[in-house]
There are 2 protein chains.
Amino acid sequence: MKQAKVTVVDVARAAGVSKSTVSLVLQGSSLVNEVTRARVGAVIRELGYVYNRGAANLRQSKSKIVGIVVNDLTNSFFAELAVGMDMVVQSAGYIQFMANTSENADRQGEVIASMREHGMAGLILSPARGTTAADLRPLVDSGIPVVLVARNVPGLKVSSVVSDGHAGAMAAVRHLIELGHRRIAFLGGFNDTAVFDERMRGFRDALLEAGLDASDELVISSAPSRAGGVVAVERLLSMADRPTAALCFNDAVAFGACDGLRSARIEPGVDFGVIGFDDVIEAKTAVPALTTVSVDPQGMGRRAAQLLLKQINAGDFDAEALVATVRLVVRESCGAPQRVRELTA
Amino acid sequence: MKQAKVTVVDVARAAGVSKSTVSLVLQGSSLVNEVTRARVGAVIRELGYVYNRGAANLRQSKSKIVGIVVNDLTNSFFAELAVGMDMVVQSAGYIQFMANTSENADRQGEVIASMREHGMAGLILSPARGTTAADLRPLVDSGIPVVLVARNVPGLKVSSVVSDGHAGAMAAVRHLIELGHRRIAFLGGFNDTAVFDERMRGFRDALLEAGLDASDELVISSAPSRAGGVVAVERLLSMADRPTAALCFNDAVAFGACDGLRSARIEPGVDFGVIGFDDVIEAKTAVPALTTVSVDPQGMGRRAAQLLLKQINAGDFDAEALVATVRLVVRESCGAPQRVRELTA
DNA sequence: CTCGTAATTTAGATCGTTCCAAATTTCAAG
DNA sequence: CTTGAAATTTGGAACGATCTAAATTACGAG
């Protein structure tokens, strides 16, 4: 069953040429004669030769491997992000190491170290909570291109692709205000993260701009998950002066909020306005369809991957910070009637 | 910025020993003297030496890399599967190439070829729709362990880990019958896949067992996605003799079915029984909580990875077919939540 | 001291490719 | 025929580790 592997030397012998010639054929060089190329090609197929990229990489000291490390693949947002990266990485002829860290910074450190040993050409990282600049310093100092995505790490001079959370949150809150809401909450997310902070500031600035209450009690943090959304909305419902709408930290929280509202017999999109953040794939088909700030995770993933590949190909490069623009997608959950939306669309 | 990379020879020189000794230290051999080991270790840290696993693999002709190829990472079920694999692969000191095929068999072929060139030690594959035995034959003939997961490829003698769709579907339908439903539909999924066939036969067998109608019109296939669920349930609602409950191909379809029911003002779990398949992470927190056949995707992923690692370590091995047992998790969407029953009793 | 054995260390070949410099072949013009 | 340039082909040294077999050192006993 197990076959001895065939190498360029075997191919060379069988084709009656030298290994150098075979190598030339392999890289599609124009130096080699047409008929030789054909003969070698035939032998390659016949013997079932498999190119050993590891050996080539060793000689050339470069690889076509990138690393992708993500904090939580079970979250659709990050899964989509990964899929976007996958697309451009694959079609550039690269292949990826991919690992999930489950928000564990230690594990993240281990997998990055392992990827380094395996000779990755660059890394796209959606950092785990608690990642410090010091964790990544050795890697970036070694000259390997690194692109941070979705989240930033303060104090580290590397490229990044993040969404404009402040602008997105402002747009969402302005829309709720236009719909007539006067008391609006911010739901979910851990309040010690940069992303939370940015979105929350956008929320607050929009309220202040309209002269509305923006006090701390309106900000209810929780885990940035569906379950967290349920918890947060329960806290909200127990408030004395109950808000009539909420901007949620992300779509997962928004779905959780809808669940929580419904089990309290409050119909989201009718009795209470809910807006999410991220525009996860389910947002469109959920009932009610989720009004959300679209950040196009696949698109972000693609841009991050493109940026990384650019830096890999450029001999040297500067850190570049891309801010993905963001767009409010009005659907049903905010209380805007669908009919209006269709007419304007 | 870009540092010349340091090799064992550099370390050896700096520590005043030979490269062989450094190599011995690297692999934690007990042959090397305590104080030498310490000295070399210190130099390694001082110079920021990074082990070149590629070079080692070349010499040893084996690697600590496995391939994971998944048909659709944006589907929670497969994302969870991947996360489960990731866990055991990581903690076994392996690292994974991971790629998404978007159900594209050609792309799947390319990434597998690429992974092979990079020297993976084994492959876990959740095959894209339309994968044939011939596509995989060269790989398995080369002696590289392959484990198929979630879906099987007929005519190929390799290991696999799949869930017991027939038993799961029967359990689900029996439960609906116990609840008093007499006309039950099967919703969603492409009817040319093995998984569909298996679950659908379970559905049918349970109906026949109870002497109920199991005619073809009760089986409504569609894309196995949330959107597909909406479509399927619309077809169902237009039937003359309308069913009162449905078993869905998977949870995504079930969620879509709930969406569709609700927009027709039919409350899932109250006016209509819905059961899903897979027990995706959102199933528990959705409203109504989804009654579903739990297949524990993370667990399946873990088992698949364990099986693969076992086969990698065993010099030779036989194909092994694991069937993950399955368990009906009764929640609310099937139409008779404990709570309601108590209230109405 | 000398010797034998155990404990350490090491030189050099090797893994499968690429790449340089040089060798060989081809071929049209003189 | 020569001959020189262009077109092809090739030997052998890398790349950075491991591994084998042999060399060196240490050390307790005689």
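Per chain, numbering begins at 1; letters A, B, ... match sequence-line order.
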For this session: Looking only at non-hydrogen atoms, find the nearest pair between A55(B) and L58(A) and report the distance.
Result: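 Nearest heavy atoms, A55(B) then L58(A): CB-CD1, 3.9 Å.
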Problem set entry | Heavy-atom check, side chain of D10(A) versus side chain of Y49(A), under 4.5 Å |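 Sidechains of Y49(A) and D10(A): no contact.
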Could you tell me whether the side chain of [X] and the main chain of [Y] form a donor-acceptor pair under 3.5 Å?
X       : Y       : result
S126(B) : V70(B)  : no
N152(A) : P154(A) : no
Q27(B)  : S23(B)  : yes
D72(B)  : T74(B)  : yes

Can you measure from [atom1] ([X]) to [atom2] ([Y]) and round to the nearest 0.5 angstrom?
X       : Y       : atom1 : atom2 : answer
L24(B)  : S18(B)  : CG    : OG    : 8.5 Å
D192(B) : R129(B) : CG    : CZ    : 4.5 Å
S76(B)  : N75(A)  : OG    : CG    : 9.5 Å
I95(B)  : K64(B)  : CD1   : NZ    : 12.0 Å

Exercise. Got a sec, which pairs hit side-chain hydrogen bond (donor to acceptor under 3.5 Å, both in side chains) with one end in residues 29-47 of chain A, sequence neighbours left out?
Worked result: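 Every candidate side-chain hydrogen bond (donor to acceptor under 3.5 Å, both in side chains) pair involving residues 29-47 of chain A fails, so no pair, neighbours aside, qualifies.
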For this session: Write out all pairs satisfying side-chain hydrogen bond (donor to acceptor under 3.5 Å, both in side chains) with one or both partners inside residues 87-110 of chain A, taking only residues at least two apart or from two chains.
Result: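 Only N71(A)-E103(A), D86(A)-Q90(A), D86(A)-Q96(A), Q90(A)-R107(B), N100(A)-S102(A), E103(A)-R151(A), R107(A)-Q90(B), Q108(A)-T131(A) qualify under side-chain hydrogen bond (donor to acceptor under 3.5 Å, both in side chains).
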For this session: Would you grab the first and last nucleotide of DNA chain D (5' to 3') that comes under 4.0 Å of any non-hydrogen atom in chain A?
Result: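 With heavy atoms of chain A under 4.0 Å away, the range is dT8(D) to dG16(D).
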Exercise. Would L136(A) and V146(A) count as a side-chain contact (heavy atoms from CB on, under 4.5 Å) if you check the C-alpha gap in whole Å, the side-chain angles of each, and the deciding distance to 0.1 Å?
Worked result: CA-CA 9 Å; L136(A) 300 176; V146(A) 174; 5.5 Å; no
Problem set entry | Five-pair end axes of the helix from dC1(C)-dG30(D) to dG30(C)-dC1(D) and the angle they enclose, rounded to 10° |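 One end axis against the other gives 60°.
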For this session: Round to a whole Å and report the spacing from CG of D10(A) to C1' of dC15(C).
Result: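 To the nearest whole Å, that distance equals 13 Å.
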Problem set entry | First of S61(B) and G16(B) reached from the 5' end of DNA chain C, by closest nucleotide |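 Result: G16(B).
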Problem set entry | Where protein sits on nucleotides 17-24 of chain C, one letter per nucleotide: B base, S sugar-phosphate only, - none, heavy atoms under 4.0 Å | BBB-----
Problem set entry | Proximity to DNA chain C (any heavy atom under 4.0 Å), residues of residues 31-38 of chain A only |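 Nucleic-acid contacts, sorted: none.
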